[in-house]
Amino acid sequence: AGLAAVYLMLRLAGAVLIIADPLEKVDAVVVLSGGSERLPEAARLMSERYGNWLILTETGEIRPGVFGSDDLQAEANRLGIPSSSILITERTVTSTRDEAVAVLHLMEERNLASCIVVTDPFHTLRTRVIFRDILRGSNKEISVSPVPASWYRSRDWFLSARGWQYTVQEYFKLTLYLLGFRLD
């Protein structure tokens with residue numbers, strides 16, 4: 001009974017982080033920088049006509065694990081999204097909060113009303129909290145969609161060091177954000 005309770009608590013801890021809003025047609029599909037699995041999911045949503053535009057966030061210099069917008073645009077082209085359907089934020093971003101601000105600016109500039117943000121499952125709760133905070137009062141609508149083929153799953157994240165690292169990190173960053181620290 002004790003082991004089952006621990007398993008359920010760990011599974012719940014992973015599940016709380018994963019948000020999957022219902023998919024509806026929007027103006028744009030946004031890919032947050034940082035994950036290699038995100039763009040193929042965004043391309044799938046675009047091919048299924050969930051959005052007319054693909055928004056990529058400008059990261060500036062390429063860092064380990066973060067793909068530059070030029071690389072993402074080239075990959076999006078290879079995945080069947082024409083350059084004419086790709087928008088790249090003007091502002092260089094270094095955090096999820098920066099991405100939300102840059103996406104809001106681009107949506108206002110292009111008169112876009114709604115978007116689906118694609119990110120890793122463990123990152124969806126914090127993404128939704130931050131984007132809704134930044135977009136509050138703007139009349140812009142956001143939904144969040146996790147990458148379905150991700151390595152991160154609520155049922156077994158705790159079986160790997162990587163799962164522990166990302167789960168603890170997400171709870172830590174979310175807590176800091178909710179306490180008013182705007183580091184991310």
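A quick note: this is a predicted structure, and the numbers were derived from the prediction, not measured.
- Salt-bridge formation is detected for the pair Glu75/Arg78: a Lys NZ or Arg NE/NH1/NH2 atom is positioned less than 4.0 Å from an Asp or Glu carboxylate oxygen.
- Taking the side chain as every heavy atom from C-beta outward, Tyr50 and Ile116 approach each other to under 4.5 Å.
- Annotation for Glu141: atom CD does not count as buried by contact number, only 12 or fewer foreign heavy atoms lying within 6.0 Å.
- Salt bridge status for Glu170 with Lys173: absent, with no side-chain N to carboxylate O gap under 4.0 Å.
- With contacts defined as side-chain heavy-atom distances shorter than 4.5 Å, the pair Leu87/Leu106 qualifies.
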Exercise. Can you list the steps and then say if Thr89 with His105 is a side chain to side chain donor-acceptor pair (under 3.5 Å)?
Worked result: CA-CA 8 Å; Thr89 60; His105 179 75; over 6 Å; no
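- For Glu48, the CD atom sits in a packed shell: over 12 heavy atoms of surrounding residues, nucleotides or ligands are nearer than 6.0 Å.
- Taking 4.5 Å as the limit, every side-chain heavy atom of Thr92 sits out of range of all side-chain heavy atoms of Asp98.
- Inter-residue side-chain proximity for Leu104 and Ser138 is flagged as met; some heavy-atom pair is nearer than 4.5 Å.
- Side-chain contact check for Tyr177 versus Thr96: every heavy-atom pair is 4.5 Å or farther apart.
- The environment of Leu179 atom CG is dense: over 12 non-hydrogen atoms of other residues, nucleotides or ligands sit within 6.0 angstrom.
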For this session: Kindly determine whether Leu54 and Leu39 satisfy side chain to side chain contact (heavy atoms under 4.5 Å, CB included), including the steps that lead there.
Result: CA-CA 10 Å; Leu54 176 68; Leu39 189 56; 4.0 Å; yes
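- Rounding to the nearest 0.5 Å gives a distance of 13.0 Å between CZ of Arg44 and CG of Leu79.
- Using a 3.5 Å distance cut-off with no hydrogens or angles, the side chains of Thr167 and Tyr152 do pair a donor with an acceptor.
- Side-chain atoms of Phe131 and Val144, non-hydrogen and from C-beta on, never get closer than 4.5 Å to each other.
- Using cut-offs of 30° and 60° for the angle between ring planes, the Tyr7 and Phe158 rings count as perpendicular.
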Problem set entry | side chain to side chain donor-acceptor pair (under 3.5 Å) evaluation trace for Glu24 with Ser143 | CA-CA 9 Å; Glu24 296 179 8; Ser143 56; over 6 Å; no
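- Cluster annotation: Leu12 and Leu125 are assigned to the same hydrophobic cluster (Ile/Leu/Val/Met/Phe/Trp/Tyr, side-chain heavy-atom contacts under 4.5 Å, transitive).
- Within the 4.5 Å cutoff, the side chain of Tyr166 has heavy atoms near those of the Trp151 side chain.
- Side chains of Ser83 and Asn77: a donor on one and an acceptor on the other come within 3.5 Å.
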